[in-house]
Amino acid sequence: MLLAIGEGRWHSALMHPDIDLTQLSEFQLRDIVAQMQQVIGDREAQLHERESAIQQLEAERDIQLQERDTTIQRLTIEKERLTHEIALLRRHRFGQRSEQGKSPQQSLLSDLVDEDFAAIENELETLNEPVPETRRRSKPRRQSLPAPLPRTEIRHDPESTTCGCGCQLTRIGEDVSEKLDYEPGRFTVERHIRSKWACKQCETVVQAPVAPHIIDKGIPTTNLLAQVLISKYADHLPLYRQEQIYARAGVELPRSTLADWVGRCGVELAPLVDRLRSCLLGHAVLHADETPVPMLSPGKKKTHRAYIWAYATTNSAPVQAVMYDFQPTRSGKARRDFLKDWRGLLVCDDYQGYKAGFAQGITEVGCWAHARRKFFELAERGNSPIADQALTTIGKLYDIEREIQDKPSDERQRIRESQSRPIAAHLREWLIHQRSELTEGTSTAKAIDYSLKRWEALTRYLDDGAVPIDNNWIENQVRPWALGRKNWLFAGSLRSGQRAANVMSLIQSAKINGIDPQTYLRDVLERLPTLMYSEIDTLLPHNWSPSIKV
């Protein structure tokens with residue numbers, strides 16, 4: 001038996017258990033044991049590797065399940081929030097009915113409620129949650145567009161009228177859809193004609209697809225949608241006034257329909273606004289300011305003071321952008337929620353809401369316009385030589401800024417260092433001397449104290465040519481809201497305020513980039529339905545270039 005195994009083949013004993021081990025030498029037995037231990041070790045290693053892989057898969061599965069549960073919980077909470085908001089809006093919209101005519105204030109609020117309804121329903125559709133019939137609004141039945149309106153035919157034919165089998169296609173009919181377009185004072189109709197072609201041989205039908213639209217199956221062109229948005233948010237025309245204007249032009253467009261368009265457009269534009277915010281927060285120097293806006297919550301008869309917080313890049317920055325953030329309070333939390341982890345130089349006034357950010361790494365840049373205003377108020381009252389002298393010296397700082405405003409930032413910093421810093425240093429010494437001779441609590445003492453207590457922040461612009469001397473740029477961007485308050489009186493809800501802030505961010509950013517906002521919004525609404533999210537930055541106002549259709 002030993003001879004049968006032979007030298008070098010004894011390891012076959014592992015594969016042949018019928019071999020008589022008593023016939024093997026001690027050396028062969030030891031080698032067999034070593035090989036068996038090696039095989040067992042390899043198998044244990046394989047089992048350990050397999051167990052590790054199983055544990056990893058189980059861990060990944062647990063993470064996926066946790067993420068799924070978190071997503072389900074988030075969507076459930078969002079659905080409940082939206083459902084609750086719909087209930088509040090319905091209670092306001094339908095809870096009280098009166099035979100009396102509506103006042104302008106009531107019309108404004110009804111318009112805002114309808115906009116919120118549309119926005120919420122659009123968000124629920126995005127969450128793949130159908131709106132129950134009990135919660136659906138009754139929408140006006142779509143009427144045919146007035147026959148007298150001028151019509152332009154736009155034909156959509158297949159790229160080829162030759163079938164894949166080689167036969168010539170035969171026209172068998174067409175589908176026609178009409179969209180309402182508007183130029184100031186004049187409505188027209190676009191007749192989109194999609195012809196049908198069939199192959200007699202293989203019985204196939206070919207037709208150009210329906211072009212995607214920002215409002216699926218809606219009647220307005222993107223130009224009309226842009227007109228409604230611009231009229232409401234740039235020209236500050238409430239929807240009930242727009243309804244009257246359009247009626248005079250020959251088309252009855254109910255306010256509920258206009259509100260539906262505004263609400264849906266607001267939801268569709270939100271991702272673009274989010275990207276604008278991300279872009280703005282990528283800059284090291286920002287302006288900030290806030291202004292009050294009355295807000296009326298549904299179900300309440302009184303307004304309370306909400307706030308628009310405005311943020312912008314400097315007017316010398318390579319990217320020109322402004323963002324509005326609607327918040328129910330003036331609390332510093334509003335600033336924290338918007339800026340989050342941003343740590344840069346913030347040009348702002350002396351409002352306490354910004355102070356916490358300075359303790360967390362944001363660098364304060366003071367506003368010389370505010371400091372100058374204190375002395376200007378004194379000078380207006382007359383007989384204040386200190387105020388007059390302070391204004392003259394501060395005016396020299398502004399004269400230098402006007403001369404260097406078009407120069408590169410490094411050149412601005414060099415000139416500020418050589419010319420502005422000595423003037424500022426002299427002004428500080430002079431203010432300290434004048435303050436020492438004044439009685440505590442006088443108006444002049446308070447004006448001087450305002451500047452001296454903020455001197456480090458006020459002179460920080462001297463260290464960096466990219467930093468502006470004051471906050472006037474953002475104050476100019478806040479003015480549209482001051483104009484709007486006189487027309488629309490109040491924001492109807494937090495949601496309507498946020499929607500206004502979003503749309504006005506795009507409109508104002510387009511303006512400061514030298515773009516006609518209606519042309520811009522029309523093109524954006526035209527391109528959004530087919531645009532990949534990775535390409536959305538091309539639609540930001542500072543990146544935008546018109547498509548062929550505009």
Handout entry: Step-by-step side chain to side chain donor-acceptor pair (under 3.5 Å) determination, Asp62 to Gln64
Key = CA-CA 5 Å; Asp62 291 342; Gln64 292 174 352; over 6 Å; no
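- Counting all heavy atoms, side chain and backbone alike, Asp523 lies closest to Trp544 at OD2-NE1, 2.6 Å.
- For Lys179 (side chain) and His192 (main-chain N/O), no donor-acceptor pair under 3.5 Å exists by modelled atom type.
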Donor-acceptor pairs under 3.5 angstrom involving side-chain atoms of residues 351-362: please list them, not counting sequence neighbours.
from   : atom 1 : to     : atom 2 : distance (Å)
Tyr351 : OH     : Arg330 : O      : 2.4
Tyr354 : OH     : Glu290 : OE1    : 2.6
Lys355 : NZ     : Asp350 : OD1    : 2.7

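- The closest side-chain heavy-atom distance from Trp473 to Ile512 is below 4.5 Å.
- If you take OG on Ser177 and CZ on Arg191, they are separated by 9.5 Å, rounding to the nearest 0.5 Å.
- Using a 4.5 Å cut-off on side-chain heavy atoms (C-beta onward), Leu269 and Leu525 make contact.
- Using modelled atom types, no side-chain atom of Arg522 and backbone atom of Thr221 make a donor-acceptor pair closer than 3.5 Å.
- Going from atom CG of Leu346 over to atom OG1 of Thr363 covers 9.5 Å, rounded to the nearest 0.5 Å.
- Residues Ile154 and His156 have side chains in contact (heavy-atom distance under 4.5 Å, counting atoms from C-beta outward).
- Ion pairing between a basic and an acidic side chain is recognised when a charged N comes within 4.0 Å of a carboxylate O; Arg151 and Glu178 show such pairing.
- Looking at Arg194, its side chain never comes within 3.5 Å of a backbone N or O of Asp175 through a donor-acceptor pair.
- Residues Phe326 and Tyr307 keep their aromatic ring centres 6.0 Å or farther apart.
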Problem - From CA spacing to verdict: side chain to side chain donor-acceptor pair (under 3.5 Å), Gln242, Tyr246 - result: CA-CA 6 Å; Gln242 292 192 51; Tyr246 297 144; 3.0 Å; yes
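- Counting non-hydrogen atoms of other residues, nucleotides and ligands closer than 6.0 Å to CD of Gln66 gives a total of 12 or fewer.
- Closest heavy-atom contact between Ile507 and Ala234: CG2-CB, 4.0 Å.
- Atoms CD and CZ, from Gln477 and Arg479 in turn, are 9.5 Å apart once rounded to the nearest 0.5 Å.
- Classification of Arg460 and Glu456 as a salt-bridged pair holds, one side-chain N sitting under 4.0 Å from a carboxylate O.
- For Arg61 and Glu67, the salt-bridge test fails: no basic side-chain N is under 4.0 Å from an acidic carboxylate O.
- Cys348 has its side chain out of reach of His287: every pair of non-hydrogen atoms, C-beta onward, lies at least 4.5 Å apart.
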Problem - Trace of the salt bridge (Lys or Arg N to Asp or Glu O under 4.0 Å) decision for Lys232 with Glu243 - result: CA-CA 11 Å; Lys232 179 177 174 65; Glu243 179 185 29; over 6 Å; no
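- In this structure, CG on Leu225 lies 10.5 Å from CD on Gln227, to the nearest 0.5 angstrom.
- Residues Thr222 and His213 have side chains in contact (heavy-atom distance under 4.5 Å, counting atoms from C-beta outward).
- For Arg372 and Tyr398, the positive end sits near the middle of the six-membered ring, less than 6.0 Å away and at most 45° from its axis.
- In this structure, CD1 on Ile308 lies 8.0 Å from OG on Ser505, to the nearest 0.5 angstrom.
- Remark: Arg305 CZ is loosely packed, at most 12 non-hydrogen atoms of other residues, nucleotides or ligands lying under 6.0 Å away.
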Practice task
Please assess Asp181 against Asn223 for the test side chain to side chain donor-acceptor pair (under 3.5 Å), listing each intermediate value before the final yes or no.
Solution key: CA-CA 6 Å; Asp181 196 20; Asn223 187 51; 3.1 Å; yes
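- Distance CZ/Arg527 to CG/Leu539: 5.0 Å, rounded to 0.5 Å.
- Put simply, the side chain of Val228 does not reach to within 4.5 Å of the side chain of Tyr182, judged on heavy atoms.
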Practice task
Start with the C-alpha distance between Thr188 and Leu149, add both sets of side-chain angles, then the distance that settles side-chain contact (heavy atoms from CB on, under 4.5 Å), and finish with yes or no.
Solution key: CA-CA 6 Å; Thr188 59; Leu149 293 180; over 6 Å; no
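- The two residues Gln413 and Leu462 make their nearest non-hydrogen contact at NE2-O, 3.4 Å.
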Practice task
Give the C-alpha distance, both sets of side-chain angles, the deciding distance and a yes or no for side-chain contact (heavy atoms from CB on, under 4.5 Å) between Cys367 and Asp470.
Solution key: CA-CA 4 Å; Cys367 173; Asp470 58 32; 3.7 Å; yes
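- Counting all heavy atoms, side chain and backbone alike, Pro517 lies closest to Ala510 at CA-CB, 4.3 Å.
- The main-chain N or O of Val322 is found under 3.5 Å from a side-chain atom of Ser509 such that the two form a donor-acceptor pair.
- The backbone N or O of Ala334 lies less than 3.5 Å from no partner atom in the side chain of Ser331, so there is not a single donor-acceptor pair.
- The two residues Pro212 and Pro529 come nearest to each other via the heavy atoms CB-CB, 3.8 Å.
- The side chain to side chain donor-acceptor pair (under 3.5 Å) test with Asp337 is passed by exactly one of Arg335, Lys340, Lys333: Lys333.
- Side-chain contact check for Leu397 versus Tyr461: some heavy-atom pair is nearer than 4.5 Å.
- Judged by distance alone, with hydrogens and angles left aside, the side-chain atoms of Thr313 form a donor-acceptor pair with the main-chain N or O of Ala321 at under 3.5 Å.
- Nearest heavy atom pair, residue Val285 against residue Trp342, reads N-CZ2, 4.4 Å.
- For the pairing with Tyr324, the ring-ring contact (aromatic ring centres under 6.0 Å, His included) check across Trp481, Tyr233, Trp309 returns one residue only, Trp481.
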Exercise for the section: Evaluate side-chain contact (heavy atoms from CB on, under 4.5 Å) for Val262 paired with Leu229, printing each intermediate quantity in order. Expected result: CA-CA 7 Å; Val262 170; Leu229 293 175; 4.3 Å; yes
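- Side-chain atoms of Asn471 come within 3.5 Å of backbone atoms of Ala288 as a donor-acceptor pair (strictly under, hydrogens ignored).
- For the pair Ile230/Asp235, a side-chain contact is recorded, criterion being any heavy-atom separation below 4.5 Å from C-beta on.
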Handout entry: Stepwise side-chain contact (heavy atoms from CB on, under 4.5 Å) test for Leu506 and Val273
Key = CA-CA 7 Å; Leu506 295 176; Val273 177; 4.0 Å; yes
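- For the residue pair His542 and Asn513, no side-chain donor N or O sits within less than 3.5 Å of a side-chain acceptor on the partner.
- Between the Arg412 side chain and the Lys407 main chain, a donor and an acceptor come within less than 3.5 Å of each other.
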Only distances under 3.5 Å count here; give the side-chain donor-acceptor pairs of residues 276-283 to other protein atoms, sequence neighbours excluded, each with its distance to 0.1 Å.
from   : atom 1 : to     : atom 2 : distance (Å)
Arg277 : NH2    : Phe338 : O      : 2.4
Ser278 : OG     : Asp274 : O      : 3.2

